[in-house]
> 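I have a structure I would like to understand better, so I am pasting it below and will then ask my questions one at a time.
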2 protein chains.
Amino acid sequence: MYSFTEENYLKAILHLCDANEKGASTNAIAQKLDAKAASVTEMLKKLSDKKLLNYKKYQGVKLTETGKKVAIATVRKHRLWEVFLVNKLEFGWEEVHEIAEQLEHIQSTKLTDKLDAFLAYPKYDPHGDPIPNKAGIFPNRSDQTLTEIEPHEIAILRGVKDTSAEFLKYLKKLELGLGEELKVLEKEAYDHSMQVQLGNKKILNLSQQVSSNLFVTKK
Amino acid sequence: MYSFTEENYLKAILHLCDANEKGASTNAIAQKLDAKAASVTEMLKKLSDKKLLNYKKYQGVKLTETGKKVAIATVRKHRLWEVFLVNKLEFGWEEVHEIAEQLEHIQSTKLTDKLDAFLAYPKYDPHGDPIPNKAGIFPNRSDQTLTEIEPHEIAILRGVKDTSAEFLKYLKKLELGLGEELKVLEKEAYDHSMQVQLGNKKILNLSQQVSSNLFVTKK
DNA sequence: AAATATTTTTAGGTTTGCCTAAAAATTAAT
DNA sequence: ATTAATTTTTAGGCAAACCTAAAAATATTT
Ligand SMILES: [Mn+2]
Ligand SMILES: [Mn+2]
Ligand SMILES: [Mn+2]
Ligand SMILES: [Mn+2]
């Protein structure tokens, strides 16, 4: 249906739009795909002709519904294969991305869905990234907050419940960003505060108010 | 390392050389790959330049050792993936060939070998075709003879222990060819003869001497 | 041995996807 | 508001694989 290359472009654009709201710029796409801007322009025209994205000269692009569907399906394949490689074939989580980059282009919806079932419908890939279901819906980034994590467990920050500027600024000050690993050291029974160690070894003390507003997944 | 297309050519040529002794002709390759003879000629030159096969104008081709290695590795990948699809993902054996045709081109020796281990080093694919090991060695067509098959089981004829012309002629007379399915109906305790039903429903009575010379695999 | 048929190769094109270099448009800095 | 810097597009090419049609070589008949 769609070529290797087309799927790669759509996936890159999906990720850029996720980050950038305004859409994906030619240069950003070029950088992400390790191609030249001229090649990207050419491809954008083709994808636009195929109604996979909206392109107007010099204006960057956004995916159409169809384009989004194809991109999400590709992400789904990529992440499911990564789960397979790590959970079933015992690859290390650092080795699987490159192989998944190839496997994600295998064309068979039935294969994807059977793989999904075989893996027991995982919601996150080995790097903690969410896996869209057959319908293209991503799992709630997490319904689990840091308060539910027990000492010695490692959590990965996935999102925030409180999205107020104040809270986000506070997190920034703590150097607590999405994707950060948090090892729970201790939970204080007295005030329910937590001592956690960041990936960079820094140790933080988080109040219950803070930890109950952090969506995480266990590593 | 090698492109999708190159692997397909080498695999096709391997199979044709297997059948034809004399090597593979341009036309035969074209037919097998559903391409035009002109395209094949062009590709043969490229593969010859890369030392994957020996090509002399108008003389057909044979694979070099390197070419054989690549072709066998591709067959290995193809058949291992077929086993995966049938045994693990519960595909029907008639659905897997097309998907394996895509999966066989994934480039990662480590993946292939880990898949092999995950599947417990299968010797045959779902269609009974032998799977070469990591070193490129095909299994002995079968070490199991028909005598070891129990009533109600179905066996597929894979080879013969006795290769004498007499025996082969006898098999031909019985219409018993490689690949034939044999359902064991009864085993006579008295003389160890067997009653078997062929795929075409014909029922045969085979002496122990015959059944002990037929290499089979269970279906 | 010639004539005919078949196979294979050559010659010239197409499509996909990528490139460099130059031109045009947009954005940022005086 | 100009000028300068950056981004994006256009123009012109290249390589991998494919194609059709015509020419050359080989194989088969007469
Ligand atoms: Mn990945
Ligand atoms: Mn990819
Ligand atoms: Mn197959
Ligand atoms: Mn193939």
Side-chain angles (χ1 to χ4, degrees), chain A residues 1-13 16-17 19-63 67 70-71 74 101-102 104-107, chain B residues 1-13 16-17 19-63 67 70-71 74 101-102 104-107:
Chain A
M1 199 75 176
Y2 298 100
S3 79
F4 197 100
T5 310
E6 287 171 333
E7 285 187 340
N8 281 341
Y9 268 86
L10 294 172
K11 202 176 60 146
I13 294 165
L16 289 168
C17 287
N20 240 359
E21 267 309 302
K22 307 272 175 186
S25 74
T26 304
N27 252 5
I29 297 167
Q31 192 186 2
K32 191 149 226 176
L33 293 176
D34 198 31
K36 293 298 149 80
S39 307
V40 172
T41 299
E42 198 174 19
M43 193 66 181
L44 292 183
K45 283 178 191 164
K46 267 185 237 167
L47 294 172
S48 180
D49 287 348
K50 293 189 177 181
K51 314 278 186 211
L52 292 167
L53 49 79
N54 294 114
Y55 170 68
K56 262 175 278 164
K57 276 188 189 183
Y58 293 97
Q59 304 315 119
V61 291
K62 275 185 182 173
L63 296 176
V70 177
T74 308
E101 207 56 49
Q102 296 180 61
E104 74 187 359
H105 302 294
I106 302 291
Q107 279 163 342
Chain B
M1 198 76 176
Y2 298 100
S3 78
F4 196 100
T5 311
E6 287 171 333
E7 286 187 341
N8 280 341
Y9 268 86
L10 294 172
K11 202 176 61 146
I13 294 165
L16 289 169
C17 288
N20 241 357
E21 268 308 303
K22 308 271 173 186
S25 74
T26 303
N27 252 5
I29 297 167
Q31 193 187 1
K32 190 150 226 176
L33 293 176
D34 199 29
K36 293 298 149 78
S39 307
V40 172
T41 299
E42 200 174 14
M43 193 64 180
L44 292 182
K45 283 179 192 165
K46 266 186 239 166
L47 294 173
S48 179
D49 286 349
K50 293 190 179 182
K51 313 281 187 209
L52 292 167
L53 49 78
N54 293 114
Y55 170 67
K56 262 175 280 165
K57 274 189 187 181
Y58 293 98
Q59 304 315 120
V61 290
K62 275 185 182 172
L63 296 176
V70 177
T74 307
E101 208 55 49
Q102 296 179 63
E104 74 186 0
H105 303 293
I106 303 291
Q107 279 163 345

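In what follows, chains carry the letters A, B, and so on, assigned in the order in which the sequence lines appear, proteins first and then strands, with residues in each chain numbered from 1.
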> Would you kindly give the CD-to-C1' distance between Glu42(A) and dC14(D), to the nearest whole Å?
12 Å
> Working to the nearest 0.5 Å, report the span between CD of Glu6(B) and CE of Met43(B).
4.5 Å
> Contact class for Ser39(B) vs. all strands (heavy atom < 4.0 Å): base, sugar-phosphate, or nothing?
base
> Mapping Lys50(A) and Gly60(B) to their closest nucleotides on DNA chain C, which lands nearer the 5' end?
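Nearer the 5' end of the strand: Gly60(B).
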> Expressed in angstrom and rounded to an integer, what is the separation of Gln59(A) atom CD from dT7(D) atom C1'?
12 Å
> Whole Å only: how far is the NZ atom of Lys45(B) from the P atom of dC18(D)?
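After rounding, the reported distance stands at 15 Å.
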> Just to be sure I understand the rule, does Tyr9(B) reach a base, reach only the sugar-phosphate, or reach nothing, if contact means heavy atoms closer than 4.0 Å?
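Sugar-phosphate: the residue Tyr9(B), judged by heavy atoms under 4.0 Å, touches backbone atoms but no base.
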> I need the minimum non-hydrogen distance between Glu7(A) and Tyr2(A), along with the two atoms involved.
CG-CB, 4.2 Å
> Using whole Å, what does the distance between atom C1' of nucleotide dC19(D) and atom CG of Asp34(B) come to?
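From Asp34(B) CG to dC19(D) C1': 13 Å.
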> Rounded to whole Å, please give me the gap between CG in Leu47(B) and P in dA16(D).
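Taking atom P of dA16(D) as the reference, CG of Leu47(B) is at 12 Å.
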> If you only use heavy atoms from C-beta on, which nucleotide in dT20(C), dT16(C), dT8(D) is closest to the side chain of Ala38(A)?
dT20(C)
> Which value, rounded to the nearest 0.5 Å, describes the distance between Ile29(B) atom CD1 and Ser39(B) atom OG?
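One gets 12.0 Å once the value is rounded to the nearest 0.5 Å.
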> Roughly how far, to the nearest 0.5 Å, is CG of Asn8(B) from CD of Glu101(B)?
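If we round to the nearest 0.5 Å, Glu101(B):CD and Asn8(B):CG are 5.5 Å apart.
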> What integer distance in Å separates Phe4(A):CZ from dA17(D):P?
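Rounding to the nearest Å, CZ of Phe4(A) and P of dA17(D) are 14 Å apart.
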> Send over the distance from Met43(B) CE to dT10(C) P, rounded to a whole Å.
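Rounded to whole Å, this separation is 17 Å.
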> Closer than 4.0 Å, any side-chain N/O of Asn27(B) to the OP1 or OP2 of dT8(C)?
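For dT8(C), OP1 or OP2 has a side-chain N or O of Asn27(B) closer than 4.0 Å.
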> Looking only at side-chain N and O atoms, does Ser3(B) come under 4.0 Å of OP1 or OP2 in dA16(D)?
no
> From dT20(D), dT26(D), dG17(C), pick the nucleotide closest to the side chain of Thr5(A)?
dG17(C)
> Mapping Lys57(A) and Glu6(A) onto DNA chain C by nearest heavy atom, which one lands closer to the 5' end?
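Nearer the 5' end of the strand: Glu6(A).
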> Closest to the Tyr58(A) side chain: dA25(D), dA25(C), dC18(D)?
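My answer, after comparing the listed nucleotides, is dA25(C).
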> Have a look at Tyr55(A) and say if it touches a base, only the backbone sugar-phosphate, or nothing, with a 4.0 Å heavy-atom cut-off.
sugar-phosphate
> What's Thr41(B) touching, base or sugar-phosphate or nothing? Going by heavy atoms closer than 4.0 Å.
base
> Between Leu44(B) (CG) and dT10(C) (C1'), how many Å, whole number?
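These atoms are roughly 14 Å apart.
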> Let's see if you can work this out: which of dC19(C), dT9(C), dT10(D) has an atom nearest to the side-chain heavy atoms of Lys36(A)?
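When the side chain of Lys36(A) is considered, dC19(C) is the closest of dC19(C), dT9(C), dT10(D).
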> Once you round to the nearest 0.5 Å, how far does OG1 of Thr5(B) lie from CG of Leu33(B)?
9.5 Å
> Within the structure, does a side-chain N or O atom of Lys46(A) lie under 4.0 Å from either OP1 or OP2 of dG17(C)?
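Indeed, a polar side-chain atom of Lys46(A) lies that close.
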> Hey, could you give me the CD/CD distance between Gln107(A) and Gln102(B), rounded to the nearest 0.5 Å?
5.5 Å
